[in-house]
Amino acid sequence: MMVEKVLSTIKKWDMVHEGDTVIIGVSGGMDSMCLLHIFDQLKDQLGISICVVHVHHGIRADAGEDVTLVEKTCEHLAIPCHVSYFDVKKLAKSYKLSLEEMGRKIRYDVFEQQRLRVKNGKIAIGHHINDQAETVIMHLMRGTGLKGIGGIPPVRDFIIRPFIDCTREEIEHYCHEHQIAYRDDYTNALNVYTRNKIRHTVIPYVEEQFNKNFVQHMVNTAHIARSEDDYIHGIVLEKMEQVITRKDNSYTIDLDAFNALNLVIRRRIIRQVLHQLGSLKNIEYKHIEQILQLAHKEVSKKIQLPKGIVAKKAYSSIIMSVLGENKTKAFEKDVHLNTKTYIEALDSYVEVRLLEAQKDNIPKNLYTKWFDYDKIKYNLKVRNRRQGDAIVIRGIDGQKKLKKYFIDAKIPREERDKIPLLVDGSQIIWIIGHRISEHYKVTASTKKILEVKYYLEEDYQDA
Ligand SMILES: Nc1ncnc2c1ncn2[C@@H]1O[C@H](COP(=O)(O)OP(=O)(O)OP(=O)(O)O)[C@@H](O)[C@H]1O
């Protein structure tokens with residue numbers, strides 16, 4: 001029953017294709033050990049290969065036993081197993097994140113790195129119906145829009161959740177019936193974390209007192225909310241093109257066109273601009289309402305928002321930008337091949353891959369570029385500007401001072417520290433989002449291509 005159900009979820013959401021490599025995130029707990037066994041059952045039928053990734057967070061004293069169980073099981077099933085070790089406590093401190101957030105960020109990074117190493121990689125995670133309901137309730141408690149009510153998506157980019165239609169009881173029953181060994185994470189039973197309190201207190205209470213189908217109702221609501229959210233998001237992107245002019249990091253909203261839009265779309269446009277200006281972290285409902293109100297205020301009225309974001313009323317527009325007060329400190333980060341690196345100073349990611357040389361298809365995208373790999377002599381880094389930086393723009397001798405480039409490109413002074421530079425030693429390879437160096441360009445004699453992608457903070461908050 002359970003295997004058929006998972007197979008039907010995989011088909012319904014088009015989760016995998018023949019020839020894919022599914023990387024299964026296995027913690028050693030019941031859900032992911034069950035997921036591993038089910039994928040082992042289905043792999044031939046689906047024509048896929050599977051491998052396992054386990055992350056040791058260095059938190060629980062008995063975490064070594066999780067590693068042993070996962071490794072032993074993989075050995076028995078003849079499935080490749082990769083274990084990574086981290087000191088999450090230490091990292092959480094330096095990134096100023098909670099242990100949970102840090103652990104999640106690390107896990108998804110490790111999964112992603114493994115995905116880049118395999119052919120047609122997908123990442124399978126053991127979230128199920130009950131996790132979905134808990135996530136929706138958590139979002140509701142925090143105050144959320146449709147996106148939060150949409151909960152955990154069954155598929156996001158390369159991440160798949162084949163148990164999203166199965167309940168915890170079904171998984172438990174399957175494990176019992178097939179004598180699947182798993183580790184009980186004792187922290188799951190503690191009523192200290194929000195999620196555990198919802199699991200052990202809120203849900204049973206509502207089920208007993210109000211509606212025994214509460215969990216399923218939450219899941220159905222999430223499903224509807226997610227599809228409506230996707231639909232509205234498409235409209236928002238289309239309307240943004242019509243009402244907004246963007247110059248560097250400044251967004252000018254034309255009020256005549258903007259005010260003619262429905263309030264739902266206006267609110268969403270503001271949210272999207274805030275997202276693009278930095279991050280939605282610390283942005284609350286009241287901030288969005290204040291910006292909407294600004295449309296009716298006198299010229300020059302300003303609103304100061306978190307992260308140095310400023311919204312200002314002009315004659316027939318609202319200008320949203322990030323002001324100089326929010327100065328970006330000097331940052332520098334090593335970038336490694338086939339890895340996605342998080343640049344905390346900019347809440348963004350740089351992903352670097354090595355490709356075989358191709359003559360065509362050079363990407364025409366501001367944030368994805370190709371370079372001649374053999375021209376790179378030192379360690380790749382991403383950093384912001386330093387005094388004396390220069391870039392080769394025209395011909396091999398045509399060095400241009402970065403400062404001069406910024407002036408010519410009319411990039412405001414306060415924006416300059418926020419522009420990431422990809423460098424090879426002291427040489428600039430790419431002013432990200434702007435020019436690339438002539439010296440590193442792909443040519444007819446290029447043998448290996450370095451593909452570099454840059455993107456803004458991703459939403460790791462699914463679950
Ligand atoms: N340490 C880890 N290493 C690898 N994958 C993990 C790890 N922790 C969680 N995952 C993956 O993320 C999914 C969700 O994690 P979460 O922390 O919500 O669940 P969990 O209670 O640890 O689940 P499980 O019962 O599978 O252990 C897991 O089902 C698993 O696929």
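Quick note: numbers below take in every heavy atom, side chains included, and nothing from hydrogens, waters or symmetry partners. One-based numbering along the sequence shown. Order of listing sets the numbers, starting from 1, for every ligand and every atom in it.
For Val55, a nitrogen or oxygen atom sits less than 3.5 Å from a nitrogen or oxygen atom of ligand 1, counting backbone and side chain alike. At under 3.5 Å, a nitrogen or oxygen of Gly126, whether backbone or side chain, sits near a nitrogen or oxygen of ligand 1.
The His54 neighbourhood of ligand 1 comprises atoms 3 (N), 4 (C), with distances under 4.0 Å to a heavy atom of that residue. Each of the following atoms of ligand 1 lies closer than 4.0 Å to a heavy atom of Val53: 4 (C). Of all atoms in ligand 1, listed by their number and element, those nearer than 4.0 Å to a heavy atom of Ser32 are 24 (P), 26 (O), 27 (O), 29 (O), 30 (C), 31 (O). Below 4.0 Å from some heavy atom of Met30 lie the following atoms of ligand 1, by number and element: 25 (O).
A side-chain donor from one of Glu351 and Tyr455 sits under 3.5 Å from a side-chain acceptor of the other. In summary, the side chains of Asp424 and Tyr440 do present a donor paired with an acceptor at a separation below 3.5 Å, with no hydrogens or angles considered. Donor-acceptor pairing under 3.5 Å is recorded for the side chains of His128 and Asp31. Checking Arg115 against Thr21 by side-chain atom types alone, no donor-acceptor pair falls below 3.5 Å.
Residue contact check for ligand 1: Arg195 places no non-hydrogen atom closer than 4.0 Å to it. Residue contact annotation: Ile125 has a non-hydrogen atom under 4.0 Å from ligand 1. The closest approach between a heavy atom of Phe111 and any atom of ligand 1 is below 4.0 Å.
The backbone N or O of Arg168 lies less than 3.5 Å from a partner atom in the side chain of Asn130, making a donor-acceptor pair.
With rounding to the nearest 0.5 Å, the separation of CE in Met102 from CZ in Arg107 is 11.0 Å.
At a heavy-atom cutoff of 4.0 Å, ligand 1 is contacted by the side chain of Arg107 but not by its backbone. Only the backbone of Val26 comes within 4.0 Å of ligand 1, judged by heavy-atom distances.
The option from His127, Met33, Glu100 that lies nearest to atom 18 (O) of ligand 1, judged by heavy atoms, is His127.
A salt bridge links Arg385 with Asp417: at least one charged nitrogen is closer than 4.0 Å to a carboxylate oxygen. Residues Lys93 and Asp87 are not paired through a salt bridge, judged by the lack of any N-O separation under 4.0 Å between the basic side chain and the carboxylate.
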